[in-house]
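Notes follow once the structure below has been shown.
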There are 2 protein chains.
Amino acid sequence: MRKFIAEVSEKLRSHEHKLTSRRECILCILLENKDKHLSAEEVYNLVKQKSPDMGLATVYRTLELFCEFNIIHAMDFGDGRKRYEFGDDSGDGHHHHHLICEKCNKIIEVNEDLLEELENRITNDYQFSISNHHLKIFGICKECMAKSNNKQ
Amino acid sequence: MRKFIAEVSEKLRSHEHKLTSRRECILCILLENKDKHLSAEEVYNLVKQKSPDMGLATVYRTLELFCEFNIIHAMDFGDGRKRYEFGDDSGDGHHHHHLICEKCNKIIEVNEDLLEELENRITNDYQFSISNHHLKIFGICKECMAKSNNKQ
DNA sequence: ATTTCTGCAAACGATTTGCATGTTA
DNA sequence: TAACATGCAAATCGTTTGCAGAAAT
């Protein structure tokens, strides 16, 4: 993780930006919550515990900066705010998919890319040159299914 | 189309709502632009040509009403506003997908449901009970590819 | 000293809502 | 005359921006 932070610092530095202590603090929060898909407001609330005088605008500006440098990217899970996760969204787009539980709002990542065959079909049938895709699958997760079965 | 409007009217009427002339006007605009995935503001601008004294709030309220009755549903194409299309989004979720051209912003609908096999795999591997999915595929459409090839 | 960074408050844009008036059954 | 519908303006909510002061090179 030390190494990752140093890498980020280098990336920023090579374009006349600094990894200031506030920015590093935000990066840490993101690292500590890799699995959570935090929103800006959520990052802000977590960051305030370590750094109570940080402003919300700084969080927004930092998240935008990290996006520009492809350290994180924004996703929309349909709740009206951007949520962030690590990873480059600009490349050939073969990243993971998301299962969204409609009961507990948990987000499960599916890391295999399961759409290659489908993409080939679309490329052929529509002569559409694919650069990226977003697949969101809504439903009920294993745990919530178990809970609702117990209640019955 | 007459028939469809009458059906909508019935649907609303059966739950103490009326298909008023303003609402019918909005419905017509939507019908005339089935392929366009209009936003609320765009509906408003089109509607004002026929009904200049209509308020934006009425458009929003009507679109929301139509959504409640599953006459239309809202989609997010990543441009920060809701866009609407006909069809029921609440059922078993086996509706179409969207190809989004990053050059001309055209939206191409893919009406086959191409994810059944994938869904089966996810249901098995994750014990996740799927109710719906949204697949957006970004890239360059046939026409834009042709254009950029000509220019070279 | 110049550039970047930051907090604060104000601005923003899409959407929602309160309220008083209009319309319809 | 109830209940629903509407226009208008104000409110809301996530996000962005202007600005003046602080920090870093």
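In what follows, every chain begins at residue 1, and chains take the letters A, B, ... in the order their sequences are listed.
Rounding to whole angstrom units, CD of residue A:E24 and P of D:dA24 are separated by 13 Å. We find that CG of B:D76 is positioned 12 Å from C1' of C:dA14, with the value rounded to whole Å. Straight-line distance from the CD atom of B:E41 to the P atom of C:dT16: 13 Å, rounded to whole Å. Atom CZ of B:R13 and atom P of C:dA25 are 7 Å apart (whole Å). If you measure from atom NE2 of B:H17 to atom P of C:dA25, you get 15 Å, rounded to the nearest angstrom. Going from atom CZ of B:R81 over to atom C1' of C:dT16 covers 17 Å, rounded to whole Å. In this structure, B:L12 atom CG and C:dT24 atom C1' are separated by 15 Å, rounded to whole Å. A:L38 has its CG atom 15 Å from the P atom of D:dG14, to the nearest Å.
Remark on DNA chain C: of its neighbouring residues B:E64 and B:T20, the 5'-side contact belongs to B:E64, judged by nearest-heavy-atom nucleotide. Nearest-nucleotide assignment on DNA chain D puts the 5′-proximal partner with B:E16, out of B:L56 and B:E16. The 5' end of DNA chain C is approached more closely, in terms of each residue's nearest nucleotide, by A:L65 than by the other of A:L65 and A:Y44. Remark on DNA chain D: of its neighbouring residues B:K18 and B:A57, the 5'-side contact belongs to B:K18, judged by nearest-heavy-atom nucleotide.
Using modelled atom types and a 3.5 Å distance limit, the side chains of B:E68 and B:H17 yield no donor-acceptor pair.
Within the 4.0 Å cut-off from OP1 or OP2 of D:dC4, not a single side-chain nitrogen or oxygen of B:R23 is found. Contact annotation: A:Y60 reaches the phosphate of D:dT15 (side-chain N/O to OP1 or OP2, under 4.0 Å). Residue A:K82 has no polar side-chain atom (N or O) positioned under 4.0 Å from OP1 or OP2 of D:dC13.
Between A:F77 and A:H98, the gap from one ring centroid to the other is short of 6.0 Å.
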Evaluate the side-chain hydrogen bond (donor to acceptor under 3.5 Å, both in side chains) criterion for residues B:E109 and B:H37: first the C-alpha distance (whole Å), next the side-chain angles of each, then the deciding distance (0.1 Å), finally the verdict.
CA-CA 11 Å; B:E109 300 193 348; B:H37 298 88; 3.0 Å; yes
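Across all strands shown, A:R61 has heavy atoms under 4.0 Å from base atoms, whether or not it also approaches the sugar-phosphate.
Geometric assessment of B:K34 against the ring of B:F86 yields a positive cation-pi assignment under the 6.0 Å and 45° thresholds.
Below 30°, between 30° and 60°, or above 60°: for B:H133 and B:H97 the angle between ring planes is between 30° and 60°, a tilted geometry.
Donor-acceptor pairing under 3.5 Å, judged by distance alone, is absent between the side chain of A:R83 and the base of D:dG14.
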